[in-house]
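What follows is a short report on a single structure.
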Amino acid sequence: IMLSLAVAMYVSAFCAYEEENGFYQQRQQQQQQQARSPWANSVLSDLGNALSITALRVRYRPVNDKYATPPPDPSCPPLIDMLVNAVNLAKEAAEHLFSQAIQQHDQQQQHAIQTAIQQAHEYAVRRSVAACIKALPETVLLPPGGEDAGHRVPSVDRACLRAASMELRSVGSNLDGDVGTGMDKAWKVLVESEQRGDSLSETSATQLLECCEAWARYVAVPVPVIEETVGRLALRYLHPQQQREQHEKARGAAFQYLVSIFESASPSLKPDDVLAAALGVGAGGHHGKGGKGGGGGPQKKNTSNKMKKGSRGKKRHERRLGRTKDGVGVSSEDAAEEELLARRNAACVAAAAVFGISLVDGSARDEEAGLRRAATTEATSTHGVC
């Protein structure tokens, strides 16, 4: 099943590259302009979600005790590796198919055909890997606090969801070798997939930042990843000297990534909110809101009913969270507090990188560091933002 989904993802990405660089160029030459539908983003997102859920179901199986965390299947690698392995199998099958197809052409045509196919092939592999890495946290993880009203919880056993959540929150000590099974591993896989030569293209940088933003909404971003993504990548497109029209997508992705990092460290976020998301419990709809207005009659009665339902939902959520905590152990509360601290540390490191502040002594590194020049110039917009 996973191989079939990976093949469908690869073919979709390959067709998207074909349309962008072949079919539509011919259309423009014939002066037959036609708006291109962004179907590929939607299709790849749905396939990435399906692949993530399938990997979760294969790696973790429900146990009799629904409050116990199921162990992973010993024959299955971690979730990120399962997704990458599936894409690599599709990649190897495509390479074998292309090698046979190229040999059927004349020798003079083989080089041109091979170059065109190779470019589309590399693009399809990179985009498939990025779609998988981006879809994994969006599908498997729950947002902390009361932010899951519009989040679609996958129809899998909550204990399996909890086990996957713990796996995707595990990080190593550095990015050079000791990586975990969470965001640091995802970042390493993305860089290995996107890196071509000594620099990244704007399209690759945009994909990297969008994937990191998806993870930042659900887990604490490791400090080494912050240093790489914010200090070296995001600031490249946020710097005033890089405010060019062709960098608009990368700049937007960089801004959204920073917003997600800072929102994940919100002062209103409590350890219980992080714990509920990590244990796969979620907010449970207990953030009920009363209706507007204070009039009598049916409106007042509806408001009272909503408050009662919200109170009952909150009590159910607290009981469910309490039973889950008893099943996991007391250490889960300490882990939630550590994650909340890690979120706030990540936000501080990102802010220091943005404003060029040294983390050693709190002084400005230099006037060109980060966005200090933008922060010290006059406002260029009506709302006072530089």
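Between Met82 atom CE and Leu56 atom CG the span is 9.0 Å, to the nearest 0.5 Å. Interatomic distance, CD of Gln207 versus CD of Glu194, reported as 4.5 Å (0.5 Å rounding). Note that the CD atom of Glu210 and the CD1 atom of Ile133 stand 14.5 Å from one another [nearest 0.5 Å]. For the atom pair Glu95 CD and Ile117 CD1, the distance stands at 11.5 Å (nearest 0.5 Å). The line from SG of Cys211 to CG of Leu190 is 5.0 Å long, rounded to the nearest 0.5 Å. Here the OH-CG distance, from Tyr257 to Leu208, works out to 10.5 Å after rounding to the nearest 0.5 Å.
A distance-only check finds a donor-acceptor pair linking the side chain of Arg59 to the backbone of Pro77 [under 3.5 Å]. Thr181 contributes a side-chain N or O that, together with a main-chain N or O of Glu167, makes up a donor-acceptor pair within less than 3.5 Å. Here the side chain of Arg162 pairs a donor or acceptor atom with the backbone of Ala68 at under 3.5 angstrom. At least one donor-acceptor pair closer than 3.5 Å links the side chain of Thr54 to the backbone N or O of Ala50. A distance-only check finds no donor-acceptor pair linking the side chain of Ser45 to the backbone of Asn41 [under 3.5 Å]. Judged by distance alone, the side chain of Asp46 and the main-chain N or O of Val43 form no donor-acceptor pair under 3.5 Å. Checking side-chain atoms of Asp184 against main-chain N and O of Gly172 turns up a donor-acceptor pair under 3.5 Å.
Side-chain contact between Val221 and Met183 is present, with heavy atoms from C-beta onward closer than 4.5 Å. Val259 is listed as a side-chain neighbour of Gln256, based on a closest heavy-atom distance under 4.5 Å. Taking the side chain as every heavy atom from C-beta outward, Tyr60 and Thr69 never approach each other to under 4.5 Å. In this structure, Leu168 and Trp215 have side chains that are in contact, with non-hydrogen atoms separated by less than 4.5 Å. Using a 4.5 Å cut-off on side-chain heavy atoms (C-beta onward), Arg343 and Pro144 make contact. Here the side chains of Leu79 and Ser52 are not in contact, with every heavy-atom distance at 4.5 Å or above. Under the 4.5 Å side-chain criterion, counting only non-hydrogen atoms from C-beta, Thr115 is not in contact with Gln118. Glu92 is listed as a side-chain neighbour of Leu89, based on a closest heavy-atom distance under 4.5 Å.
Linking Ile, Leu, Val, Met, Phe, Trp and Tyr residues whenever their side-chain heavy atoms come within less than 4.5 Å places Leu3 and Val11 in a single cluster. Hydrophobic clustering of Ile, Leu, Val, Met, Phe, Trp and Tyr side chains at less than 4.5 Å, counting indirect connections, keeps Val63 apart from Leu279. In the hydrophobic clustering of this structure, Val129 groups with Ile80; members are Ile, Leu, Val, Met, Phe, Trp, Tyr whose side-chain heavy atoms approach within less than 4.5 Å, directly or through other members. Taken together through direct or relayed side-chain contacts under 4.5 Å among Ile, Leu, Val, Met, Phe, Trp and Tyr, Leu141 and Ile53 form part of one hydrophobic cluster. Val171 and Val225 sit in two unconnected hydrophobic clusters of ILVMFWY residues. Membership requires side-chain heavy atoms under 4.5 Å apart, directly or through other members.
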Please report the C-alpha distance between Asp73 and Val58 in whole Å, then the side-chain angles of each, then the deciding distance to 0.1 Å, and finally whether the side-chain contact (heavy atoms from CB on, under 4.5 Å) criterion is met. CA-CA 8 Å; Asp73 189 321; Val58 172; 5.8 Å; no
Kindly indicate, with the supporting measurements, whether the criterion side chain to side chain donor-acceptor pair (under 3.5 Å) is fulfilled by Ser201 and Thr203. CA-CA 5 Å; Ser201 66; Thr203 302; 4.8 Å; no
Is there a side-chain contact (heavy atoms from CB on, under 4.5 Å) between Lys188 and Val191 once you walk through the steps? CA-CA 5 Å; Lys188 188 172 182 179; Val191 170; 6.0 Å; no
Start with the C-alpha gap between Lys134 and Leu44, add the side-chain angles, then the distance that decides, and say whether side-chain contact (heavy atoms from CB on, under 4.5 Å) holds. CA-CA 10 Å; Lys134 185 175 184 292; Leu44 289 173; over 6 Å; no
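In this structure, Leu83 and Ala55 approach most closely via the heavy-atom pair CD2-CB, 4.1 Å. When all heavy atoms of Met9 and Ala131 are compared, the closest pair comes out as SD-CB, 4.2 Å. Here the closest non-hydrogen pair linking Ala216 and Ser264 is O-CB, 3.6 Å. In terms of heavy atoms, Glu213 sits closest to Ser260 at OE2-OG, 2.7 Å. The two residues Ala347 and Phe262 have their closest heavy-atom pair at O-CE2, 3.4 Å. The heavy-atom pair separating Cys160 from Pro62 by the smallest distance is SG-N, 3.6 Å.
Under the salt bridge (Lys or Arg N to Asp or Glu O under 4.0 Å) test applied with Glu339, the options Arg344, Arg169, Lys270 reduce to a single match, Arg169.
Taking Ile, Leu, Val, Met, Phe, Trp and Tyr as hydrophobic and joining them when side-chain heavy atoms fall under 4.5 Å apart, one finds Leu340 in a cluster with Leu269, Val274.
For the pair Arg217 and Glu263, the salt-bridge criterion is not met [side-chain N within less than 4.0 Å of a carboxylate O].
Aromatic rings of Phe98 and Phe14 (six-membered ring for Trp) have centroids within the 6.0 Å cut-off, being under it.
In Gln114, the CD atom is not crowded: 12 or fewer heavy atoms of neighbouring residues, nucleotides or ligands sit closer than 6.0 Å. Shown here is Ile1, whose CD1 atom has no more than 12 heavy atoms of other residues, nucleotides or ligands within 6.0 Å.
Using bins of under 30°, 30° to 60° and over 60° for the plane-to-plane angle, the ring pair His247/Tyr237 lands in the perpendicular bin.
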